[in-house]
Structure formats: C-alpha cells, structure tokens
Amino acid sequence: MRLKDRTALITGAGRGIGRAIAEHYAREGARVAVADLDPDTANDVARAIREGGGEAMALAMDVTDEQAVEDGFQAVADQWGGVDIALANAGIQHIDPIHKLAYGDWQKVINVHLNGAFLVTRAALGQMYAGGGGAMLYMGSVHSVEASPLKSPYVAAKHGLLGLCRTVAKEGAEYRVRSNIICPGFVRTPLVEKQIPEQAKELGIPEEEVIRNVMLKNTVDGQFTTVEDVSELAVHLAAFPSAALTGQSIVVSHGWHMQ
Ligand code: NAD
C-alpha cells in the first residue's frame, strides 16, 4: 500500500485515465475525492471504490468554475482534513486547423486545461501548505513536448502546464510540496475514440490509417499506452519519498517521444 492514509483529489475522474488513477490510488490505500463535471460518473466511480472496500467521495466540479473548485476542496477538508495529493487531469480535445479554428473553441480548450489547472493548483496548495506538504500532479501529454497538426489549443495548453508544474516545484519546495507532470502517448479513452473519425475526415484518410500512421507511427512497437500504464506512473509520482523528484515531466508513450 504505497498511498496508505493519504488523501487525493483527482479532477476529470469520472471516466478514462482519471477514473483508472482514482481506482488505483484507492487500491494503494488513499482516500480519494473523485471530481468531475459529470456528477453521475463521479458518483459511479466513488461507489465502485467503496464497494471494493476503499474510501471515496464524489464531487461535482467544473474545473473552470472558481467557486466550484474552492467548494470541492473545502468539502474534502471538511470530511478528511485536507488533501495530500491533487491531480489536475480534466481535459477536452478539439480538432481543427488553426485557420478555421473559432476563438470560442480555442478558449474552451485553454480554459479547461490551463485555467482549470491553475484553479485546482491554488486551492490544493492552500491546503498542502497548511498541512505540511504534498504532491501536486498534472496530466500533461506527449503534446506537452511535441506538436501535432489540428490540435493547436490542446498543444499550447499542454505545453503551458509544464511551466505551471515547474513553477509550483520552485514555489512549493519550502512547504514540502513536490510537483510533477505525467505525459502520456495515445490512450484509448473516449477522448481519443472521438478524435479517430474526426481526424480521418479532416485528413481525408481511413480511420485505421489515423491509428497506424498518425497516432502510433512513432512508437517503438505500434501499441497504445494503457490507463494502467498511466496510473502506475501516477502512483509512483505521488508516493515518491523525497524532493529529489520534483519539477519533472515523465513521458509514458511506448517511445513515441524520448527525452
Ligand atoms: P476522457 O474524455 O475519457 O475523460 C475526461 C474527463 O474529464 C471526463 O470524465 C469529463 O467529464 C471530464 N471533464 C471535462 N471537462 C471538465 C471540466 N470542465 N471540469 C471537470 N471535469 C471535466 O479523457 P481522458 O483520455 O481520460 O483524458 C484525461 C486527461 O488525460 C486529459 O487531460 C487528457 O488531455 C489527458 N491525456 C489523454 C491522452 C489520451 O490519449 N487519452 C493522452 C495524453 C493526455
């Protein structure tokens, strides 16, 4: 049990990667606040964790809503005394070439990934600084360190998270807060399933080719990264025992990007 008696809050944990991490954290002994825009999925995940013998609460939280983020963290403090681990994971995607991209779509993606991560960070640090330290985590992407066409707001936001993560590592050190960013390659979650036909249409190629020649082309073995791969890394980063590992981006992508 690598996270025994720790308290974690994960955003966007109602499905996909966030859900897998919430369940993995609970198996490692953490109390988990499952936060999501969609309260039904957050409730489902929290219930599944409790039925498996773990401890969890569900939070309806839109990460772009300042008050909702503050209220969610307050609810965790009221119930469990504060957070030790916070993961800004909530995310969306939008596929369009820049010259056709509506300003509203640009803003929507930046708002969820970058502004949402700021609000989550500020609320989390307040509790971690008061509580003697913690682990701040971000869900970046290979798109934090590489660009792809058609995803400009996502790539820009994910690059921006690197800067936020590193700043938190520097400011948080004196309060015993570490900060790291997980950068996965393609994982077959609903977010990615939706892009396959969208990219096929935009690029004028079959869906199979999007998978083989766009998404997995530069991996060493043509394999998708799995939610288990990502959750294993998220446990490792949360559990790491010293400030030797802070301000780092770790790429988990079957070798798509090597740094
Ligand atoms: P997903 O679409 O399966 O899940 C995203 C979750 O975030 C959903 O439950 C959704 O309700 C929630 N969400 C969306 N907007 C929100 C908001 N404003 N407030 C709170 N919750 C919100 O996606 P996923 O693939 O599990 O992605 C999770 C994270 O991992 C994202 O940050 C994504 O960019 C990142 N990521 C995904 C991949 C991949 O290939 N799937 C690769 C690298 C990084």
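All ligand and atom numbering here is 1-based and tracks the order in the structure.
- The closest approach between Val192 and ligand 1 falls below 4.0 Å for a heavy atom of the residue.
- Residue-to-ligand polar distances place Val63 within reach of ligand 1: an N/O pair is separated by less than 3.5 Å.
- The residues Arg122 and Glu66 are annotated as salt-bridged, a charged nitrogen and a carboxylate oxygen being separated by less than 4.0 angstrom.
- Residue-to-ligand polar distances place Leu37 within reach of ligand 1: an N/O pair is separated by less than 3.5 Å.
- The pair Arg188-Glu193 counts as a salt bridge, with a side-chain nitrogen and a carboxylate oxygen less than 4.0 angstrom apart.
- Considering Gly116, Gly91, Gly16 only, the shortest heavy-atom separation from atom 5 (C) of ligand 1 involves Gly91.
- In terms of protein heavy-atom proximity, atom 38 (C) of ligand 1 is nearest to Ile17 CD1, 3.9 Å.
- A salt bridge links Arg19 to Glu23: one of the charged nitrogens lies within less than 4.0 Å of a carboxylate oxygen.
- Counting only heavy atoms of the protein, atom 3 (O) of ligand 1 lies nearest to Arg15 NE, 3.1 Å.
- Atoms of ligand 1 lying under 4.0 Å from any heavy atom of Gly185, numbered from 1 in the order shown and given with element: 40 (O), 42 (C), 43 (C).
- Remark: distances from the non-hydrogen atoms of Phe224 to ligand 1 are all 4.0 Å or more.
- Both Ile110 and Ile92 belong to a common hydrophobic cluster when Ile, Leu, Val, Met, Phe, Trp and Tyr are linked at side-chain heavy-atom distances under 4.5 angstrom.
- Regarding atom 35 (C) of ligand 1, its nearest protein heavy-atom neighbour is Met139 CG, 3.6 Å.
- At a 4.0 Å heavy-atom cut-off, ligand 1 touches His113 through the side chain alone.
- Backbone and side-chain nitrogen or oxygen atoms of Asp62 are examined, and one is located within less than 3.5 angstrom of a nitrogen or oxygen of ligand 1.
- Close approach to Val187 involves these atoms of ligand 1, each under 4.0 Å from a residue heavy atom: 39 (C), 40 (O), 41 (N).
- Looking only at heavy atoms of the protein, atom 13 (N) of ligand 1 is closest to Ala90 CB, 4.1 Å.
- With salt bridges taken as basic N to acidic carboxylate O contacts below 4.0 Å, one links Lys194 and Glu198.
- No chain of hydrophobic side-chain contacts below 4.5 Å, direct or via other Ile, Leu, Val, Met, Phe, Trp or Tyr residues, connects Ile10 to Trp80.
- For atom 23 (O) of ligand 1, the nearest non-hydrogen atom from the set Asp36, Asn115, Leu191, Ile21 belongs to Leu191.
- With ligand atoms numbered from 1 in the order given, ligand 1 contributes 19 (N), 20 (C) to contacts under 4.0 Å with heavy atoms of Met61.
- Between Met128 and Ala135, the shortest heavy-atom distance links the atoms CE-O, 3.4 Å.
- Shortest contact from atom 7 (O) of ligand 1 to any protein heavy atom: Gly12 CA, 3.4 Å.
- Under the 6.0 Å cut-off for aromatic ring centres, Tyr154 and His113 qualify, their centroids lying closer than that.
- For atom 32 (O) of ligand 1, the closest heavy atom belonging to the protein is Asn89 O, 2.7 Å.
- Heavy-atom contacts of Phe186 reach the following atoms of ligand 1: 40 (O) (cutoff under 4.0 Å).
- Ring orientation note: the planes of Tyr175 and Tyr129 are close to parallel, at an angle under 30° on the 30°/60° scale.
- Atom 43 (C) of ligand 1 has as its closest protein heavy atom Pro184 O, 3.4 Å.
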Verify side-chain contact (heavy atoms from CB on, under 4.5 Å) between Lys151 and Gln93, making sure each step is shown before the conclusion. CA-CA 8 Å; Lys151 297 180 177 176; Gln93 181 57 281; 3.4 Å; yes

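- The closest approach between a heavy atom of Lys194 and any atom of ligand 1 is not below 4.0 Å.
- Other residues, nucleotides and ligands contribute only 12 or fewer heavy atoms inside 6.0 Å of the CD1 atom of Ile98.
- Between His254 and Thr219, the side chains place no donor N or O within less than 3.5 Å of an acceptor N or O (distance only, hydrogens not considered).
- Residue, atom and distance of the protein heavy atom nearest to atom 24 (P) of ligand 1 are Thr189 OG1, 3.5 Å.
- Note on Arg2 versus Glu232: salt bridge recorded, some NZ/NE/NH1/NH2 to OD/OE distance being below 4.0 Å.
- Short contacts between ligand 1 and Gly140, defined as distances under 4.0 Å to a heavy atom of the residue, involve ligand atoms 43 (C), 44 (C).
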